[in-house]
**Student:** 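To start, I am sharing the structure in question, which I have written as structure tokens.
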Amino acid sequence: MEKTQYIWLDGQFVPWDQAQVHVLTHTLHYGLGVFEGIRCYEGTKGGAWIFRLPEHIERLFSSAHILGIEIPFPRSAIEAACVESIRINRLRAGYIRPLVFLGDGEMGLAAVQNPVRVAIAVWPWGAYLGDEGVRHGVRLKTSSFQRMHVNTFMTKAKAVGNYVNSILAAIEARKAGYDEAMMLDTEGFVAECSGENLFIVRRGVVKTPPLTSVLEGITRASVLTLLDSMAVRCVEERFTRDEAYIADEVFMTGTAAEVTPVREIDGRLIGSGMPGPITRALQERFRAVVCGEVEQYRHWLTPVD
Ligand code: PPE
């Protein structure tokens with residue numbers, strides 16, 4: 001990854017290499033922590049904007065609330081620190097990673113009174129699954145790992161520990177020669193990918209799993225709004241892996257992945273094996289929106305300058 005100059009740590013900027021913690025940091029041992037992933041975009045006609053910043057910071061606080069962690073800063077301070085992180089590092093486009101974790105002090109599972117610490121790092125991050133993936137689509141494999149049962153981990157929380165499940169799935173898929181894992185829920189229905197929400201298109205209707213066992217993706221919500229304004233019918237309904245096999249189009253959404261087409265699942269071509277017309281139109285619309293070209297969605301953008 002490409003380093004930047006400063007990381008915001010507990011209220012102040014420190015040089016990148018000095019943003020370090022003790023090995024007895026509680027979250028490092030037990031995984032109780034929450035984080036966000038946010039993107040900043042350079043405008044087509046100048047300027048730079050953070051996409052849906054208040055929504056991401058709201059989810060950060062909700063995640064913490066679910067896990068019983070009290071973030072020692074008001075939302076406004078965390079939002080301002082995200083903007084300032086981009087500015088101080090002289091980035092235009094990039095990725096913002098706020099992380100809330102329990103520091104060191106006591107050990108043991110009940111030591112949740114350790115200091116709550118907050119870090120915000122930014123760095124340039126290109127296409128999550130490669131430029132090729134964005135252009136031609138990626139290949140998915142159904143994972144042998146299920147997405148967490150709703151009462152195993154908390155699916156509404158973007159919690160550090162939840163990502164062990166995602167990493168197991170992602171590594172398994174990549175080792176088998178695929179780009180990403182398609183994960184099923186504990187009842188066997190399609191849930192999401194290791195770090196993206198999933199959508200299928202069949203006979204002109206877009207379908208995505210309901211929020212029960214998947215992360216409440218901010219890109220997912222944005223895409224549902226955009227598709228609606230493009231007069232494309234969308235439903236939030238469970239579906240099976242074979243319904244995905246016979247879909248005309250499949251795509252994934254996420255802050256890192258943005259809108260990425262899927263061209264193959266478990267060795268079966270999706271549609272013609274090329275990104276379909278709805279996926280293409282959506283990718284174009286999304287790009288225009290995040291680059292500040294669409295007046296109607298300017299309220300989704302927080303200016304950096
Ligand atoms: N599901 C999961 C499991 C997930 O991790 C993400 C984000 C999403 C759905 C999409 O949510 P949203 O970003 O709000 O649209 N995944 C982050 C992972 C990045 C990483 O590898 O690190 C992201 O896209 O930032």
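Note that ligands are numbered from 1 as they come in the structure, with each ligand's atoms numbered from 1 the same way. All values reported here derive from a predicted model rather than from experimental measurement.
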**Student:** If you look only at pairs with a residue in residues 126-170, which of them pass as a ring-ring contact (aromatic ring centres under 6.0 Å, His included), with sequence neighbours excluded?
**Tutor:** Phe35-Tyr163, Trp125-Tyr128
**Student:** Examine Tyr41 together with Trp49 and report whether their ring centres are nearer than 6.0 Å.
**Tutor:** no
**Student:** Around ligand 1, what residues show up once you keep those with a heavy atom under 4.0 Å from it?
**Tutor:** Gly37, Arg59, Tyr95, Arg97, Trp125, Tyr128, Arg147, Lys158, Tyr163, Glu192, Ser194, Gly195, Glu196, Asn197, Leu215, Gly217, Ile218, Thr219, Thr253, Gly254, Thr255, Ala256
**Student:** Decide if atom CD of Glu236 counts as having more than 12 heavy atoms of other residues, nucleotides or ligands within a radius under 6.0 Å.
**Tutor:** yes
**Student:** Surrounding CD of Gln113 (heavy atoms of other residues, nucleotides or ligands, distance under 6.0 Å), is the total greater than 12?
**Tutor:** yes
**Student:** Do any side-chain atoms of residues 291-301 form donor-acceptor pairs under 3.5 angstrom with protein atoms, and if so which ones, sequence neighbours left out?
**Tutor:**
unit_1: Glu293; atom_1: OE2; unit_2: Thr44; atom_2: OG1; d: 2.5
unit_1: Tyr297; atom_1: OH; unit_2: Ser229; atom_2: OG; d: 3.3
unit_1: Arg298; atom_1: NE; unit_2: Gly292; atom_2: O; d: 2.8
unit_1: Arg298; atom_1: NH2; unit_2: Gly292; atom_2: O; d: 2.9
unit_1: His299; atom_1: ND1; unit_2: Gln296; atom_2: O; d: 3.2

**Student:** Pairs under 3.5 angstrom only: tabulate donor-acceptor contacts from the side chains of residues 194-201 to other protein residues two or more places apart or in another chain.
**Tutor:**
unit_1: Ser194; atom_1: OG; unit_2: Glu180; atom_2: OE1; d: 2.9
unit_1: Ser194; atom_1: OG; unit_2: Glu180; atom_2: OE2; d: 2.7
unit_1: Asn197; atom_1: ND2; unit_2: Leu215; atom_2: O; d: 3.2

